[in-house]
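Only one structure is covered here, and it is reproduced in the block below.
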Amino acid sequence: MAGVVLENLSWKKLIILSLILLMLLITFFLIGGLQAPQPNNVNIIIGTKCYARGRYVNREKWHIPRGNKSISCEKLDSLRPDDPKIISQEITDKQVVFAFWIPGPRDGQELKMHPRFQYMMSVLQLDIIYQPHNPVGLNPVMLLDFRLGYRNEGDREGDWKLLAESAEDRKLVCTISTNEKNETEPGSQYDCELLHAFEISSLHHDYYLLNLRLPPSPEKNINIGQIDDISLVTIHQNGGFTIIWFSIKTFMFPCVLIVLVWFWKRIQQMCRPPNLLERTLFALGITMSILNLPIEWLTFWLNIPFMLLLNDIRQGAFYAMLLSFWIIFTGEHIMDQTERNRLKLYWKHLTAVIVGCVCLFVFEMCERGMQLKNPFYSIWSSEIGSKLALAFIILAAVAATAYFLFLCVMIYRVFRNISAKKSSLPSMSHMRKKYYMGLIFRFKFLMLLTLFFFFIISQLSEGQWKWGDENLNLEYSSAFFTGVYGLWNVYIFGLLSLYAPSHKTASSAHADTDSQEEEVQLTNMPSELSTLQSFATKADQD
Amino acid sequence: MTRLDMNTISSGFCILLQFLTFVGGIQWLSLAKMSSLSTIQIPETCDSLVGLVKRQRKICRKNIEIMDSVKNGANNAILECQYQFRNRRWNCSMVETRNIFGNVLKLGTREASFVHALSSAGVAHAVTRACSSGRLTQCGCDRTVSGPSDQGFEWSGCSDNIAFGIAFAKTFVDAREKRKRKNNKNIGRQLMNIHNNQAGRKSIENNMRIECKCHGVSGSCELRTCWRAMPTFREVGSKIKEKFDGATEVKLVYTNTLPRLVPVNPEFKAHTSSDLVYLVASPDFCEPDPKSGSLGTKGRICNKNSKAIDGCDLLCCGRGYESRKKRIVERCYCKFHWCCYVSCQECVREVEEHYCK
């Protein structure tokens with residue numbers, strides 16, 4: 001890649017551009033921090049303990065925690081064996097249903113879900129009280145029979161329709177603390193791991209109702225202690241955050257697209273086919289634009305359950321491309337005698353990226369892809385599934401480590417060659433000197449820029465989750481998300497504009513009689529490079 | 001010593017409004033002694049409730065649906081007090097319907113500070129739970145967010161219910177202490193109660209468990225959401241008991257005519273808002289004394305092998321103890337289900353119990 005804009009830009013212009021991008025970056029943070037609410041909202045709903053009358057249990061019947069006496073369920077205050085209602089009605093575990101109406105009532109009215117919330121995921125939290133004669137066994141398996149229904153505001157009260165149902169196994173892992181005498185106080189509560197309940201990626205109804213049964217079974221739901229209560233914790237994206245997030249995407253999409261088009265036009269103007277680095281940069285711009293494409297607005301009107309999956313894939317594609325770009329960029333600046341500019345050279349490095357991404361993709365499809373069919377599914381709940389998931393994640397981690405090592409080796413080689421070149425720079429001809437200095441400058445600039453961005457991200461993520469500091473009127477995690485998103489956009493924007501081929505070379509201050517020749521030489525880098533490199537190697541050998 | 005069982009007692013309302021004189025005890029706690037079958041549903045009930053002051057009746061009429069939770073909270077507080085103090089000379093025993101702990105709480109003792117803190121926490125805990133279970137519709141949805149929040153839940157969601165529970169407990173429980181009084185004699189006690197009420201509520205807030213869930217791409221922690229889960233009331237009780245053990249004795253001083261409480265011993269570190277404070281040292285509760293509300297420890301079961309306060313030496317105040325052998329029938333080899341059902345065998349065991357003389 002010859003004569004890019006970055007080298008030919010005057011310091012003044014470079015600083016102005018940097019400042020503009022920096023301002024843009026700060027704006028992203030401030031929008032997230034000051035305008036947006038927290039990214040997610042949490043609702044904790046304690047299950048209403050309903051029971052079905054009679055021995056015969058009708059699974060199809062909805063148990064509704066609130067509303068008219070005629071439609072709401074029969075409630076129990078306690079599930080303890082000594083509860084008067086349980087004794088008098090002879091209630092068994094078969095009859096008990098935990099009912100959760102999502103969301104709860106506030107300020108005198110029922111809250112409603114909204115398509116803006118994008119997705120809802122939920123976990124179950126069990127309140128199991130320690131009883132000396134009925135302890136929780138070693139990791140017992142629970143059988144949870146879920147039924148999820150929905151209702152809209154205009155619908156008849158009690159008219160709930162089925163959304164999904166499934167009976168799932170979950171492993172119960174609980175610990176309990178002991179006092180200084182190494183004994184557990186009666187009445188203290190087990191600390192149990194949260195159990196995955198469901199995840200739905202489209203909220204097009206007003207109210208949701210979850211009915212949960214713990215049916216008796218010969219092997220499951222045994223030794224799970226005395227359950228006092230079950231709480232459902234639901235997490236959904238805040239509507240305000242969604243709107244601000246989409247707005248940022250909508251704003252960034254044309255910005256990056258314009259620079260991308262300009263970048264490609266610049267390359268077309270050159271009288272040569274685009275080289276590898278330029279093609280990589282262009283591809284990176286395309287993945288960024290795909291990620292920016294604000295198709296999520298459609299979810300406000302259409303029921304698109306796969307949007308969450310699609311977003312994850314878009315994001316994954318962008319990061320895969322970014323990793324590949326760093327490898328190719330570094331490789332193209334190694335300045336050794338091998339002829340570069342071929343994708344084949346990087347097969348080892350790119351394999352690491354591809355393997356890692358494919359692993360994560362398969363895992364994603366197994367988890368979120370499956371949840372499209374069955375929202376209660378979790379790969380972690382089955383023995384084989386969790387082993388498989390772990391295998392994929394380990395494989396991805398190995399690939400990531402391999403990638404990192406490759407990158408480090410490459411960067412080391414570049415720096416070694418840079419110092420070698422620097423020592424021989426004075427003895428070089430003017431043109432060669434300029435070529436190498438440009439190469440070194442470009443590399444160091446990107447290196448610094450990337451490190452600077454990583455520094456910002458690491459600083460931000462450290463403080464990402466803090467309770468307290470309430471007097472600080474800043475939504476930190478929102479600022480973090482919009483900030484990091486803006487950061488990558490600014491990064492790509494900067495790369496596309498600064499690393500585009502320059503047409504200034506011809507009319508620059510150096511322009512004299514041999515400028516024409518110089519340009520020809522610079523643009524024909526692949527073949528030129530090898531001759532230069534043979535020169536350089538000779539010089540090195542000397 | 002009579003320990004009254006909450007569930008069996010069903011005392012009717014004391015409809016005759018008695019002339020309310022200022023007593024340090026928490027009379028609204030007698031809500032707990034209402035029959036477990038009767039619920040507070042119509043505002044008129046508020047006037048017949050025993051132990052509420054005028055301001056509390058007003059709150060009751062306005063928030064009638066919350067009053068059942070207040071009742072539950074009071075009930076839980078008494079049970080928890082009895083659990084935490086089961087081994088102490090004063091074991092939180094109740095003596096009468098209206099002034100349920102007798103005269104023990106009349107003075108600003110440590111025990112009084114504990115009961116105030118626990119009952120305030122009890123109300124906050126019960127109201128928060130009722131809000132979360134959807135039983136109450138009035139629970140507030142406030143969330144201090146910057147930016148446009150006029151769209152409420154749709155824009156920025158709702159805060160967790162603990163904020164509402166604590167705010168309600170503060171309004172209701174502190175209402176007693178906000179009464180205007182002609183003489184300033186009890187200003188110290190008022191300050192002490194308000195402080196301890198707050199300390200009780202703080203012990204919930206300071207012990208909230210933080211739970212997190214990662215839900216980024218492929219379930220990574222790129223996106224992580226955390227929330228606060230309320231501790232069990234047993235945990236809250238234990239924390240307040242810890243505060244009880246380290247309570248600070250304070251005295252009333254005036255700085256620029258502004259009354260405030262400072263530690264009696266100036267060398268001690270000043271108490272924080274979550275510490276308990278008391279004004280007078282407790283009696284030893286060894287002998288029955290109607291004036292201080294002490295029932296004495298005669299007839300209490302003690303632990304022969306313990307050197308602590310539940311040991312026979314300390315609990316019986318050196319009066320000695322007598323031992324009796326007793327056969328008890330216990331449930332054993334029980335088979336439990338997670339709900340509702342238990343099948344046990346009966347085992348007979350002989351135990352030796354020691355009673356204070």
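Below, chains carry the letters A, B, ... as their sequence lines are ordered, and counting in each starts from 1.
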With the threshold set at 4.0 Å, does a side-chain nitrogen-carboxylate oxygen contact exist between Asp77(A) and Lys85(A)?
-> no

Pairs of heavy atoms under 4.5 Å with chain B: top-ranked of Leu214(A), Leu309(A), Asn43(A) | Leu214(A)

Which class fits the ring pair Phe168(B) and Phe172(B): parallel under 30°, tilted 30 to 60°, perpendicular over 60°?
-> parallel

In a check of side-chain contact (heavy atoms from CB on, under 4.5 Å) between Gln189(A) and each of Asp228(A), Ile128(A), Ile129(A), which one passes?
-> Ile129(A)

Looking at Lys213(B), Gln138(B), Arg129(B), which one has more heavy-atom pairs under 4.5 Å with chain A than the rest?
-> Arg129(B)

Counting only heavy atoms closer than 4.5 Å, note whether Ile44(A) contacts chain B via side chain, backbone, both or neither.
-> both

Applying a strict 4.5 Å limit to non-hydrogen atoms, the region of Gln125(A) in contact with chain B is side chain

Between Val233(A), Ile222(A), Asn221(A), which shows the greatest number of heavy-atom pairs under 4.5 Å with chain B?
-> Val233(A)

State whether the side chain of Tyr190(A) and the backbone N or O of Val136(A) hold a donor-acceptor pair below 3.5 Å, judged by distance alone.
-> yes

Sort Gln315(A) into side chain, backbone, both or neither according to what part of it lies under 4.5 angstrom from a heavy atom of chain B.
-> side chain

Tell me, with the steps shown, if Glu211(B) and Arg209(B) meet salt bridge (Lys or Arg N to Asp or Glu O under 4.0 Å).
-> CA-CA 6 Å; Glu211(B) 306 259 13; Arg209(B) 265 178 305 130; 2.8 Å; yes

May I ask you to test the Ile244(A)-Phe481(A) pair for a side-chain heavy-atom distance under 4.5 Å?
-> no

Check: Ser273(B) and Lys202(B) side chains under 4.5 Å, non-hydrogen atoms = yes

Salt-bridge present (Asp229(A), Lys49(A); N to O < 4.0 Å) = yes

Below 4.5 Å from any heavy atom of chain B, which atoms of Pro216(A) appear? Answer side chain, backbone, both or neither.
-> neither

For Leu194(A), is it the side chain, the backbone, both, or neither that has a heavy atom closer than 4.5 Å to a heavy atom of chain B?
-> side chain

Could you tell me which portion of Ile45(A) (side chain, backbone, both or neither) has an atom closer than 4.5 angstrom to a non-hydrogen atom of chain B?
-> both

Proximal component of Glu235(B), with respect to chain A [non-hydrogen, under 4.5 Å] = neither

Measure the shortest side-chain to side-chain distance between Phe100(A) and Leu209(A) over non-hydrogen atoms and say whether it is less than 4.5 angstrom.
-> no

Could you tell me whether His236(A) and Phe153(B) have their ring centroids closer than 6.0 angstrom?
-> yes

Engaged part of Lys112(A) at the chain B interface, taking heavy atoms whose separation is under 4.5 Å = backbone

Identify which part of Arg135(B) has an atom lying under 4.5 Å from any heavy atom of chain A, answering side chain, backbone, both or neither.
-> neither

Tell me, side chain or backbone of Thr92(A) under 4.5 Å from chain B's heavy atoms, or both, or neither?
-> backbone

Which bit of Asp127(A) comes within less than 4.5 Å of chain B, counting heavy atoms only: side chain, backbone, both or neither?
-> side chain

When heavy-atom pairs shorter than 4.5 Å are enumerated against chain B, which of Leu308(A), Ile224(A), Ile87(A), Leu111(A) gives the highest number?
-> Leu111(A)

